[in-house]
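Letters A, B, ... mirror the listed sequences (proteins, then strands); counts begin at 1.
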Protein chains: 2
Amino acid sequence: KSVPVCGAAMNKSEARITIQGVPDSPGNSYQIFKRIADRKITVDMIVQNVGQENRADISFTVPQDELAKALAAVKEAKEVVGATGITSDDKVTKVSVVGLGMAHQTGVAQKMFRALANESINIQMITTSEIKISVLVERGQSLPALRAVHQSFELHRKPDDLTEW
Amino acid sequence: KSVPVCGAAMNKSEARITIQGVPDSPGNSYQIFKRIADRKITVDMIVQNVGQENRADISFTVPQDELAKALAAVKEAKEVVGATGITSDDKVTKVSVVGLGMAHQTGVAQKMFRALANESINIQMITTSEIKISVLVERGQSLPALRAVHQSFELHRKPDDLTEW
Ligand SMILES: C[C@@H](O)[C@H](N)C(=O)O
Ligand SMILES: C[C@@H](O)[C@H](N)C(=O)O
């Protein structure tokens, strides 16, 4: 039988920044990420959901040691685009499941979310691609989260064997 | 020199559903995607940003011909979790850039967003992985969006050569 999920991973050294209330019109994502790129900051997740009342929130994650630099970039961008606020959290962990057979990934998503729900772990952000589902959770729940997805997908490896990615 | 982006693609046959105001506590993502999985609906993008005032919006895309079925699942889930609303849009297109060298993807993100901004194309949703940045745009702007990223990343292939994915 096919194995949709072949591995799980986590990254504990990220921080999350959200620029809130970005006017939902062409050019504003560019203004934000241009300033981040100009400072040579590495970005991992970028998440934006559909806007409401002509504004949208844009979140992204960076290595924790680049948080201060990224916040400086975002403060500048906030003024330029007219966003309403900035929030950040340096106590987050990205937990991912990876699989080549995830094309029909609904079953994988609900299975991952159930594993986390059963441990009372709150899902702060969700992003997906055809081969990966990543969620952001509270840093203190890193190991329970990773173990939960390991067990749920029967990945049979101790979390401390895994490489961060 | 390294080529961070090796291709672009679009999917014009998706529809977007958003379940708004999902109580931001463990178990609610599971309740939603369980009902979608039970109906064997194929899900592509899943996007959730951080919550505000203890509620978060969760959006996802499905094949257009599964929209009605997915809306039925979501209506049920909305009652169960106590979400505040449901919106959907069947006139969307997913546009993606793909690259193995995207690990430092800030430069790629701002370049993709600039290409779209220059054509006055509004970005409705953003999701990323290490090898892919996907955005959702209005269906009517499919071809201008794809051409814009093609030119920006010098991909030298006509859009109609590309496979949808
Ligand atoms: C919110 C932001 O993504 C905006 N829609 C843009 O296109 O830049
Ligand atoms: C909003 C939803 O993702 C919730 N935080 C959960 O964990 O299920």
Side-chain angles (χ1 to χ4, degrees), chain A residues 16 18 20 24-38 40-52 56-60 87 89 103-107 109-111 113-114 116-136 165, chain B residues 16 18 20 24-38 40-52 56-60 87 89 103-107 109-111 113-114 116-136 165:
Chain A
R16 184 265 305 160
T18 301
Q20 299 171 309
D24 194 6
S25 49
N28 290 328
S29 307
Y30 166 60
Q31 290 298 332
I32 294 163
F33 286 95
K34 162 175 165 44
R35 285 171 174 75
I36 295 165
D38 286 349
K40 308 269 181 281
I41 297 165
T42 311
V43 169
D44 182 21
M45 296 166 94
I46 301 173
V47 170
Q48 179 198 309
N49 211 333
V50 291
Q52 287 195 39
D57 296 345
I58 300 177
S59 294
F60 60 95
T87 65
D89 186 349
H104 288 248
Q105 62 171 287
T106 297
Q110 65 109 0
K111 191 167 177 170
F113 300 160
R114 181 177 62 208
L116 298 171
N118 287 343
E119 302 300 316
S120 300
I121 293 167
N122 199 44
I123 296 166
Q124 299 177 354
M125 273 171 48
I126 303 169
T127 177
T128 55
S129 71
E130 283 81 355
I131 60 168
K132 196 175 195 185
I133 301 177
S134 293
V135 300
L136 212 63
W165 36 309
Chain B
R16 185 265 306 160
T18 301
Q20 298 170 312
D24 193 8
S25 50
N28 289 329
S29 306
Y30 167 60
Q31 290 298 332
I32 294 163
F33 287 94
K34 163 173 165 44
R35 286 171 172 75
I36 294 165
D38 285 349
K40 306 267 181 283
I41 296 165
T42 310
V43 169
D44 182 20
M45 297 166 95
I46 301 174
V47 170
Q48 180 198 311
N49 211 332
V50 292
Q52 287 194 38
D57 297 345
I58 300 178
S59 295
F60 60 95
T87 65
D89 187 349
H104 287 246
Q105 63 171 290
T106 298
Q110 64 111 359
K111 191 167 178 171
F113 300 160
R114 181 177 60 208
L116 298 171
N118 287 343
E119 301 300 317
S120 301
I121 294 167
N122 198 45
I123 296 167
Q124 300 177 353
M125 274 172 47
I126 304 169
T127 179
T128 57
S129 71
E130 283 82 352
I131 60 169
K132 196 175 195 186
I133 300 177
S134 293
V135 300
L136 211 63
W165 36 308

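- For Glu119(A), no part lies near chain B; criterion is any non-hydrogen pair under 4.5 Å.
- For Arg35(A), the side chain to side chain donor-acceptor pair (under 3.5 Å) criterion is met by Gln31(A), Glu76(A), not counting sequence neighbours.
- One distance of note links CD of Gln124(A) with CG of Asn122(A); it measures 6.5 Å at 0.5 Å rounding.
- Chain A forms the most heavy-atom pairs under 4.5 Å with one residue out of Pro26(B), Ser134(B), Gly51(B), and that residue is Pro26(B).
- Interface residue Thr18(B): only side-chain heavy atoms are found under 4.5 Å from chain A.
- For Gln48(A) (side chain) and Ile123(B) (main-chain N/O), a donor-acceptor pair under 3.5 Å exists by modelled atom type.
- When only modelled atom types and interatomic distance are considered, Thr127(B) and Thr127(A) share a side-chain donor-acceptor pair under 3.5 Å.
- Residue pairs satisfying the salt bridge (Lys or Arg N to Asp or Glu O under 4.0 Å) criterion with at least one member in residues 25-34 of chain A, sequence neighbours excluded, are listed as follows: Lys34(A)-Asp38(A).
- For Ile121(A), the part lying near chain B is the backbone, with the side chain staying farther off; criterion is any non-hydrogen pair under 4.5 Å.
- Ranked by heavy-atom pairs under 4.5 Å with chain A, the first of Arg114(B), Arg16(B), Met125(B) is Arg114(B).
- Chain B forms more heavy-atom pairs under 4.5 Å with one residue of Val135(A), Asp24(A), Asn49(A) than with any other, namely Asn49(A).
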